[in-house]
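All values reported here derive from a predicted model rather than from experimental measurement. Here is the naming used below: chain letters follow the sequence lines, and residue numbers restart at 1 for every chain. In what follows, every heavy atom counts, from backbone to side chain, and hydrogens, waters and symmetry copies are set aside.
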Amino acid sequence: MSEVRVRFAPSPTGSLHIGGARTALFNWLFARNNKGKFVLRIDDTDTARSTSDSIEQILSAFKWLGINWDEGPEVGGPYAPYYQSQRFDLYRKAAEQLLAEEKAYYCYCTPKELEERRKEAMAAKKAPRYDGRCRHLSPAERGKLEAAGRKPVIRLYIPDSGETVVHDYCRGDVSFANGLLDDFIIMKSNGDPTYNFATVVDDVEMKITHILRAEEHLSNTPRQIMVYQALAKPLPVFAHVSMILAPDRSKLSKRHGATSVEEFREQGYLPEALLNYLALLGWSPEDDSEILSLADMVRQFSLDRVGKTAAIYDLKKLTWLNGHYLNETAPDRVTNQVIPLLKERRLIPEEFPQNYYYYIMEVVGTVRTRVKTINEIVDASTYFFSDDFEYDQKGVNKHFCKLGVAKLLKQARYVLEKVDPFNMELTEFAYRELIEELGIKSGDLIHPTRLALSGRTMTPGLFDVMVTLGKEKSIGRLDRAIDFIENLKMNNE
RNA sequence: GGCCCCAUGGUCAAGUGGCCUAAGACACCGCCCUUUCACGGCGGUAACCCGGGUUCGAAUCCCGGUGGGGUCACCA
C-alpha cells in the first residue's frame with residue numbers, strides 16, 4: 001500500500017476558526033496514525049480576498065497548537081510551491097489539455113448575463129443551471145465574440161444524464177444526478193483557476209490519497225470527481241466529517257463570540273485543551289478517556305470512529321478541560337504566559353529580578369487551582385501585585401462593620417508580628433491559638449483578615465495568601481484595614 | 001425551493017439485532033470536605049424525534065413523515 005498523504009488547504013481570507021482547526025487536526029492525526037504525510041497548502045486562488053496577514057495568522061495558529069506539517073509553507077517539500085497563487089501555470093496547462101481533448105470549452109457569457117438567467121430560473125422555480133449555450137461555438141462565432149471584447153471562461157463538459165456517486169468513507173455511497181450539475185467554470189475570464197479545478201489539479205499533483213474535510217464540501221465532490229475523470233486520474237478516498245455548529249445550531253460565524261483559534265489563545269486557553277476538546281467533537285476514542293494528549297490521540301485515532309452528526313460546541317467543556325490542563329502543566333510555563341498579561345495590566349514592571357519571578361510563580365501556583373484560564377489567573381491575582389485595591393463593598397458590610405473588628409485585627413496583627421518563620425504552619429497555628437483564646441468562631445477572624453489582605457471575599461486559602469504576600473505586606477495591609485475601619489466608624493457618628 | 005447529509009439526555013458522546021428497565025464526560029442539583037471560592041469525594045435529575053414495517057426480538061435494519069444542517073458563484 002502506498003504512503004498515506006493528506007492535506008489541509010485553507011483559503012487565507014481570515015483567521016483559522018475552530019472548524020478548520022478540527023479538520024486539520026483530524027487530517028494530522030490520520031497522517032500520524034498511518035505514518036503518512038500531512039501537507040499544508042494555501043488555497044489562495046482568490047487573489048482579491050487572500051491576504052498575507054491571514055496566512056501568517058493561520059501558520060501561527062498551527063504552531064501554537066503544535067500541529068506541524070511535513071510539506072508546505074516555510075518547510076517546502078517535493079511538490080513545492082505550496083501556494084496555489086504560485087502554481088497558476090499548472091492549472092493553465094491542465095485546462096489547455098482539457099480544451100485540446102474537448103473535455104472543456106470556452107464560454108463567453110458575461111457574469112451579468114448569467115446572473116440574469118439565474119434570476120429568471122429562480123423565478124420560474126427551476127434549478128439555476130448553466131444551459132450550455134456556448135458548448136458548440138464555431139470558430140467564427142468565437143472570433144466575433146472576442147472581437148466584441150469578451151473574455152471567455154473555460155467550462156467543463158458535464159454529461160446531461162447519468163449520475164456521479166461519491167464513495168464516502170464516513171457516509172457511504174452518495175449519488176448525484178449529473179443533470180443537476182452544470183458545466184461549471186474551471187478557469188475564470190482573467191485566467192485564474194476556480195477552486196474545484198485548482199484543488200483537484202493540486203491534489204493529483206501532490207499525490208493526495210485521502211481527502212478528509214468538512215461536510216459542507218460533500219456537494220462539491222461530484223464536480224471534483226468530474227475533474228479527476230476528465231484528467232484521467234484515480235480518485236482519492238473521500239471522507240466528509242460532520243461540521244461544528246454554534247450553540248444556536250447555525251454555522252459558525254463571528255457573531256458567536258470566539259470562533260478563531262487566535263481568540264481562544266487570547267482568552268487564556270491552552271493549546272492542549274483546545275486540541276483535546278476539538279478531537280472529542282466528532283470523534284471518540286475506543287476507551288472511555290476524555291483527557292487525551294496529542295500522542296494519545298495519534299495512537300487511538302481512527303476514521304472508523306468519527307461520527308457523522310454535526311456537533312454543537314460547548315464552551316463549558318472546553319473550559320473544564322482547560323482548567324484541568326492549567327493545573328497539570330509545569331508552573332513556569334503557566335507563569336511565562338501570565339507575565340505578559342500582568343505587564344499589559346501594569347501590575348508588574350517590564351523588568352524585574354529573578355526572585356520576583358519566583359514570587360510570580362508562587363502566586364500563580366496558589367491561584368491557579370481555582371480558575372480555568374490564563375486570563376482568570378491574572379484577574380484572580382491582582383492584589384498580589386498591587387497594594388492599591390478597594391475593599392469589596394459587600395465584604396465591608398459583612399465583615400468590617402461588625403463591632404470590635406478593628407480591635408480584633410489589631411490583636412491579630414500583634415500575634416502575626418511574632419510569627420517566625422512566617423510559614424503556613426506557624427501563621428495558622430498563631431491564628432488558631434488566638435481564636436481559641438478569644439473564644440470566637442474561626443470565621444470571625446479569618447473573613448475580615450481575608451478582606452484586609454486582598455480586598456476580596458473569595459481568595460485561595462487564607463494562610464496561603466498570607467505567606468505568599470509575606471509578613472511585612474500582610475501586617476501593612478492589616479494596618480491599612482484597621483485605619484479604614486476606624487474611619488468608617490467616625491464617619492458614621 | 002431543488003439536491004445532499006444527519007437525527008441517543010441541555011451539550012459532547014458510547015452503542016453496529018438480544019449483554020440496554022441505554023455507558024462515560026461537561027453542565028445542573030444535593031451531600032461530604034472546608035475560613036470563603038475552587039479542587040476533590042459521593043449521590044441525583046435527564047435521552048433512543050414521530051409513524052409504519054422486517055424480526056421470536058430493534059436505539060440498532062427498511063419505508064414515510066417531521067426536524068436540523070449543508071449546498072446551489074468567474075468564493076473557497
[Y] and [X] side chains, donor-acceptor separation under 3.5 Å:
X	Y	value
A:Tyr157	A:Arg135	no
A:Ser85	A:Asp44	yes
A:Thr199	A:Arg223	no
A:Asp202	A:Tyr91	yes
A:Asn196	A:Gln224	yes
A:Asn397	A:Gln393	yes
A:Arg49	A:Thr13	no

For A:Tyr108 against A:Glu113, the heavy-atom pair lying closest together:
O-OE1, 4.4 Å
Using the [atom1] atom in both, what is the distance from [N] to [M], to the nearest Å?
N	M	atom1	value
B:A23	B:C49	P	16 Å
B:G24	B:G15	P	15 Å
B:C5	B:U21	C1'	34 Å
B:G9	B:U71	C1'	31 Å
B:G67	B:G30	C1'	35 Å
B:C26	B:U35	C1'	29 Å
B:A47	B:C28	C1'	16 Å
B:U60	B:G69	C1'	23 Å

Applying a 4.0 Å non-hydrogen cut-off, can you work out what [X] is touching in the nucleic acid: base, sugar-phosphate, or nothing?
X	answer
A:Met243	sugar-phosphate
A:Cys170	nothing
A:Ser189	base
A:Gly282	sugar-phosphate
A:Arg129	nothing
A:Arg49	base
A:Thr45	sugar-phosphate
A:Lys372	sugar-phosphate
A:Pro247	nothing
A:Ser50	nothing
A:Phe184	nothing
A:Val174	sugar-phosphate
A:Lys441	nothing

Length of the line joining [X]:[atom1] and [N]:[atom2], which is rounded to integer Å:
X	N	atom1	atom2	answer
A:Ile225	B:C3	CD1	C1'	15 Å
A:Ile158	B:C72	CD1	C1'	14 Å
A:Glu286	B:A25	CD	P	19 Å
A:Glu428	B:U36	CD	P	13 Å
A:Glu116	B:C74	CD	C1'	16 Å
A:Asp248	B:G69	CG	C1'	12 Å
A:Asp444	B:U36	CG	C1'	14 Å
A:Leu321	B:A27	CG	P	10 Å

Which of [range] sit near RNA chain B, with a heavy atom under 4.0 Å from it?
range	result
residues 287-294 of chain A	A:Asp288, A:Glu290
residues 361-369 of chain A	A:Thr369
residues 212-224 of chain A	A:Glu215, A:Glu216, A:His217, A:Leu218, A:Ser219, A:Asn220

Would you find a donor on one side and an acceptor on the other, under 3.5 Å apart, between the side chain of A:Arg7 and the backbone of A:Val39?
no
Is a side-chain donor or acceptor of A:Thr427 paired with a backbone partner of A:Met424 at a separation under 3.5 angstrom?
yes
For nucleotides 7-11 of chain B, print each protein N/O atom paired with a nucleotide N/O atom at under 3.5 Å, atom names and distance only.
from: B:U11; atom 1: O2'; to: A:Ile312; atom 2: O; distance (Å): 3.3

side-chain contact (heavy atoms from CB on, under 4.5 Å) test vs A:Tyr105 passes for just one of A:Asp183, A:Ile154, A:Leu137, namely A:Asp183
Do A:Phe184 and A:Tyr130 make the cut of ring centroids closer than 6.0 angstrom?
no
Decide if the gap between the ring center of A:Tyr325 and the ring center of A:Tyr269 is smaller than 6.0 angstrom.
no
Just to confirm, is there a sub-4.0 Å distance from OP1 or OP2 of B:A76 to any side-chain nitrogen or oxygen of A:Lys188?
yes
Re B:C3: Watson-Crick or G-U wobble partner, both distances kept under 3.5 Å, found to be B:G70
When A:Ser284 and A:Ser250 are each assigned the nearest nucleotide of RNA chain B, the 5'-most assignment goes to A:Ser284
What pairs meet the ring pair (Phe, Tyr, Trp, His ring centres under 6.0 Å) rule with one or both residues in residues 431-462 of chain A, with sequence neighbours excluded?
A:His399-A:His447, A:Tyr431-A:Phe463
Give me each pair satisfying ring pair (Phe, Tyr, Trp, His ring centres under 6.0 Å) with a member in residues 163-183 of chain A, each pair once, sequence neighbours excluded.
none
Under the 3.5 Å rule, do the base of B:C37 and the side chain of A:Arg370 count as making a donor-acceptor pair?
yes
